[in-house]
Amino acid sequence: MTTVTTVDEREAILGAVREYAETELAPYASERDEKHIFPRDALQRGGDLGLGGIYVGEEFGGTGLSRTDTVAIFEELAKGDPAVAAFISIHNMVVWMIDSYGDETQRGEWLPQLTAMSEFGSYCLTEPGAGSDAAALATRAVRDGDEYEISGVKQFISGAGESGVYIVMARTGDAGSGASGISAFLVPAAAPGLSFGALEKKMGWHAQPTRQVILDGVRVPASAMLGDEGRGFAIAMSALNGGRLNIAACSLGGAQWALDRAVQYVHERIAFGEPLAEKQSILFQIADMRTDLQAARLMVRDGAQAVDEHAPDATMRCAMAKRFATDAGFDVANRALQLHGGYGYLQDYGIERVVRDLRVHQILEGTNEIMRLIVGREMLRPSGSATMRRAS
């Protein structure tokens with residue numbers, strides 16, 4: 001994996017991403033939100049820029065960047081459209097899983113299409129009855145000769161119906177096997193027996209489709225298993241460190257956009273004979289919003305550094321960053337709406353869209369309550385407490 005080592009290289013990459021966000025995402029964000037448009041063409045142009053495999057190897061078209069550079073990219077993308085940026089994050093998580101755990105045949109078959117974003121990838125873990133308790137999933141994969149037959153339902157799947165491949169976590173062990181009985185499979189969109197539920201009617205994220213993925217006796221060859229049998233849950237969890245950082249960065253980008261709009265608005269809005277920007281209470285609010293975002297940004301960078309360095313406490317640091325940044329991002333966007341008064345509630349200003357889009361970041365990739373659970377459990381282990389004391 002390549003790490004961007006110079007300021008000039010980093011700025012050149014971020015400049016190209018910024019231009020993409022400003023030309024391909026921001027001008028159409030409100031229309032895509034209102035009309036529920038999935039921007040396949042714009043995403044494919046993002047693939048031309050290298051956004052389809054940001055932190056995977058270069059052999060099959062990946063960009064090969066570090067996680068530290070990746071979070072900066074997702075922050076820029078989210079300034080253009082948080083919903084589309086989040087979809088690119090999920091797609092990249094799938095691409096990384098195939099690159100990291102796939103064999104040469106799997107990587108050769110899927111990575112060129114996915115890194116170019118001529119095809120998209122979906123991550124299928126959550127089920128109607130298994131959300132935070134993901135190890136309790138009920139989807140089953142039964143071996144039948146040289147094939148597996150997969151049956152079950154996956155819930156809240158981004159890209160369902162649009163993606164070319166679905167990484168499906170299914171139980172290959174007995175009902176009581178827990179996490180150790182779960183395996184991962186690459187299921188192509190054309191597989192017989194694969195279908196999708198109706199489009200979910202969501203609070204936000206209107207620019208990306210969310211549906212159930214329904215597997216009714218879907219048969220895949222045994223060679224479609226990703227990694228070893230019984231390792232599916234570990235594979236799924238390993239992808240979440242990066243996913244959590246990316247979503248945290250998307251919260252930063254969306255909130256920064258909302259804060260910038262609020263700063264502009266309070267300079268323009270006259271109330272009681274003077275601009276809102278002249279009022280000390282407004283000044284204090286803007287200062288707190290900026291401070292909260294900067295604190296969150298530093299935590300996200302710390303989590304990314306932990307992943308880049310393969311630090312033993314990387315999962316905890318990513319969980320802390322995800323919890324803090326997604327809470328701060330939503331709060332800052334919501335306060336930006338409040339500073340706009342009634343205008344913030346109107347679609348024309350875009351603030352309410354960003355508030356709606358950022359709200360789900362506190363839920364997905366592990367709810368923020370689960371993030372607290374991860375951190376708390378780590379801290380209460382003697383080794384975890386010692387690690388945190390050294391970090392302090």
Side-chain angles (χ1 to χ4, degrees), residues 36-38 40 83 86-87 90-91 93-95 97-98 106 109-110 113-114 119-175 177-179 181-227 229 232-233 235-237 239-240 243 360 363-366:
H36 296 235
I37 297 171
F38 178 65
R40 178 175 284 271
F87 179 81
I90 295 165
H91 170 82
M93 186 165 67
V94 170
V95 179
M97 292 171 72
I98 296 174
Q106 292 168 337
E109 178 181 3
W110 290 112
Q113 305 173 70
L114 294 171
E119 291 289 356
F120 305 109
S122 289
Y123 176 88
C124 303
L125 176 64
T126 301
E127 296 184 1
S132 294
D133 186 11
L137 63 83
T139 296
R140 290 200 57 79
V142 178
R143 184 75 181 248
D144 182 14
D146 292 331
E147 296 182 319
Y148 280 89
E149 184 176 289
I150 308 174
S151 295
V153 177
K154 297 297 180 176
Q155 185 75 30
F156 304 131
I157 306 304
S158 291
E162 295 284 352
S163 291
V165 64
Y166 299 82
I167 296 185
V168 175
M169 269 56 75
R171 188 165 300 284
T172 50
D174 59 45
S177 58
I182 296 169
S183 301
F185 295 88
L186 295 171
V187 179
L194 182 69
S195 63
F196 310 98
L199 281 168
E200 301 287 1
K201 298 177 181 179
K202 300 171 294 186
M203 176 180 175
W205 274 22
H206 293 165
Q208 56 164 288
T210 304
R211 295 182 173 97
Q212 286 187 335
V213 171
I214 302 165
L215 302 108
D216 185 9
V218 172
R219 298 183 75 88
V220 296
S223 61
M225 182 180 288
L226 186 65
E229 183 171 354
F233 188 77
I235 290 172
M237 293 299 103
L240 286 178
V360 74
I363 298 171
L364 57 85
E365 311 290 25

request  = Could you tell me whether a side-chain N or O of His91 sits under 3.5 Å from a main-chain N or O of Leu114, the two making a donor and an acceptor?
outcome  = yes

task = Using the side-chain contact (heavy atoms from CB on, under 4.5 Å) rule, take Lys154 and Thr139 through it: C-alpha gap first, then chi angles, then the decisive distance, then the call.
result = CA-CA 8 Å; Lys154 297 297 180 176; Thr139 296; 3.6 Å; yes

message = Whether the side chain of Glu147 engages the backbone of Arg143 through a donor-acceptor N/O pair (distance < 3.5 Å, no angle test) should be reported.
response = no

task = Locate the shortest heavy-atom distance separating Ser122 from Gly159; write the atom from each residue and the value.
result = OG-C, 3.6 Å

message = Going by side-chain contact (heavy atoms from CB on, under 4.5 Å), Ile150 matches just one of Leu194, Val220, Asp216. Which one?
response = Val220

query = Judged by atom type as modelled, is there a donor-acceptor pair below 3.5 Å linking the side chain of Arg140 to the main-chain atoms of Val142?
reply = no

Short side-chain to backbone donor-acceptor contact, Gln106 and Ser223, under 3.5 Å = yes

query = Do Glu200 and Arg211 meet the salt-bridge criterion of a basic N to acidic O distance under 4.0 Å?
reply = no

query = About how many Å separate CE of Met225 and CG of Leu186, when rounded to the nearest 0.5 Å?
reply = 10.5 Å

query = Tyr166 and ring-ring contact (aromatic ring centres under 6.0 Å, His included): which partner among Phe196, Phe185, Tyr123?
reply = Phe196

inquiry  = So that I know where these two stand, are Phe87 and Phe120 an aromatic pair - ring centroids less than 6.0 Å apart?
reply    = yes

ask   = Side chains of Gln155 and Thr126: do they bring a donor and an acceptor to under 3.5 Å?
value = no

request  = Look only at the side chain of Glu127 and the backbone of Leu137, and say whether a donor-acceptor pair between them is shorter than 3.5 Å.
outcome  = no

